Amino acid sequence: MSPIIRLVSFADSDNATTGETVEVSVRHEAELDNGKLVLLLNDRGWCSSGHWSEVRQQEIEETVRVVVGPDEPYGEENVEEAITGHWAYIQDILTQQGIEVRVSELREMQHDVVLSKRLQDRLGIGNNHSG
């Protein structure tokens with residue numbers, strides 16, 4: 001059994017100023033059974049020409065899960081190949097950290113989204129966790 005208890009994506013608002021453009025950065029990590037976090041992806045996020053007043057928490061959480069992958073198939077790749085390739089990539093990152101886990105385990109793992117205080121304030125909400 002894997003020492004990973006869940007996957008966690010941390011979302012933050014990139015534009016801490018009064019800018020109205022929606023910008024969100026995402027850091028994707030694996031939480032181990034000892035409480036340690038292992039970085040998986042830190043180059044994810046998005047921006048849109050929409051305004052913060054139009055954005056809802058559920059929309060942010062759904063988009064966070066999309067941007068950390070798996071991605072859509074590319075070229076001749078089919079959906080299953082894209083999904084398996086993504087999880088094999090994540091598995092390789094974990095293996096390099098000395099953590100053994102099967103792709104099948106990763107695919108079924110709980111994935112929580114945590115919104116930063118700054119992002120919560122932007123959205124006018126008080127909680128920061130969803131499953």
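Side chains included, hydrogens not; waters and symmetry mates left out as well; all remaining heavy atoms used. Remember, predicted model here, so these are calculated numbers, not experimental data.
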What's the separation between atom [atom1] in [X] and atom [atom2] in [Y], rounded to the nearest 0.5 Å?
X	Y	atom1	atom2	answer
His86	Asp71	NE2	CG	7.5 Å
Met109	Leu106	CE	CG	5.5 Å
Leu123	Ser53	CG	OG	11.0 Å
Ile93	Leu40	CD1	CG	6.0 Å
Glu29	Lys36	CD	NZ	10.5 Å
Glu31	Ile5	CD	CD1	4.0 Å

Taking the side chain as every heavy atom from C-beta outward, state whether [X] and [Y] have any atom pair closer than 4.5 Å.
X	Y	value
His111	Val68	yes
Pro73	Val79	yes
Leu39	Leu37	no
Tyr89	Val103	no
Trp87	Pro70	yes
Val67	Val24	no
Leu41	Val26	no

Restricting to non-hydrogen atoms, name the atom on [X] and the atom on [Y] that form the minimum distance, rounded to 0.1 Å.
X	Y	value
Asn42	Arg27	CB-CG, 4.3 Å
Val101	Gln91	O-NE2, 2.8 Å
Arg122	Trp52	NH1-CD1, 3.4 Å
Ser13	Ser116	N-OG, 4.1 Å
Val22	His51	CG2-C, 3.7 Å

Quiz item: Can you check whether Ser9's main-chain N or O pairs, donor with acceptor, with Arg44's side chain at less than 3.5 Å?
Solution: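 Looks like no, no N/O pair under 3.5 Å.
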Quiz item: Any sub-3.5 Å donor-acceptor pair from Arg6's side-chain atoms to Gln110's backbone N or O?
Solution: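 Not at all, since once roles are kept as given, no pair shorter than 3.5 Å links the two residues.
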Quiz item: Should the heavy atoms of other residues, nucleotides or ligands under 6.0 Å from CD of Glu72 be counted, would the total exceed 12?
Solution: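 No, the 6.0 Å shell around CD holds no more than 12 heavy atoms from other groups.
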Quiz item: Counting only heavy atoms not in Glu54, do more than 12 sit closer than 6.0 Å to its CD atom?
Solution: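 Atom CD in Glu54 is packed in, count exceeds 12.
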Quiz item: For Ile99, what residues pass the side chain to side chain contact (heavy atoms under 4.5 Å, CB included) criterion, not counting sequence neighbours?
Solution: Pro3, Ile4, Leu32, Val38, Leu94, Gln97
